[in-house]
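Counting from 1, the numbers follow the sequence of the chain as shown.
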Amino acid sequence: MKKEHVIRAWRDPEYRASLSAAERDLLPAHPAALIELNEAELGKLAAAATKPPFTYTRSTAVYSYGCDCICCV
């Protein structure tokens, strides 16, 4: 299947529905497809969403960006 047809099938639901079952089976997964997260991953995201994004204390010049990633630690 040509690249143009694959992209059109990803973007156009009517075109995708017009393809035969065999043609739809040849389509690669969409690169921006949905992902599934397990409970532990969802818990980490929920905890991160409740932290304040940024705090600054002028008297001690302490910066806190609200997460533990390598760029914020």
Point-to-point distance, once rounded to the nearest 0.5 Å, from CD of Glu36 to CG of Leu42:
10.5 Å
Taking salt bridge (Lys or Arg N to Asp or Glu O under 4.0 Å) as the definition, give me every residue that meets it alongside Arg16, ordered by chain and number, with sequence neighbours left out.
none
With a 3.5 Å cut-off and sequence neighbours excluded, list the donor-acceptor pairs that the side chains of residues 19-27 form with protein atoms.
residue	atom	partner	partner atom	Å
Ser20	OG	Glu23	N	3.2
Ser20	OG	Glu23	OE1	3.4
Glu23	OE1	Ser20	N	2.9
Arg24	NH1	Leu19	O	2.5

Sequence-distant partners of His30, ring-ring contact (aromatic ring centres under 6.0 Å, His included), two or more places apart:
Trp10
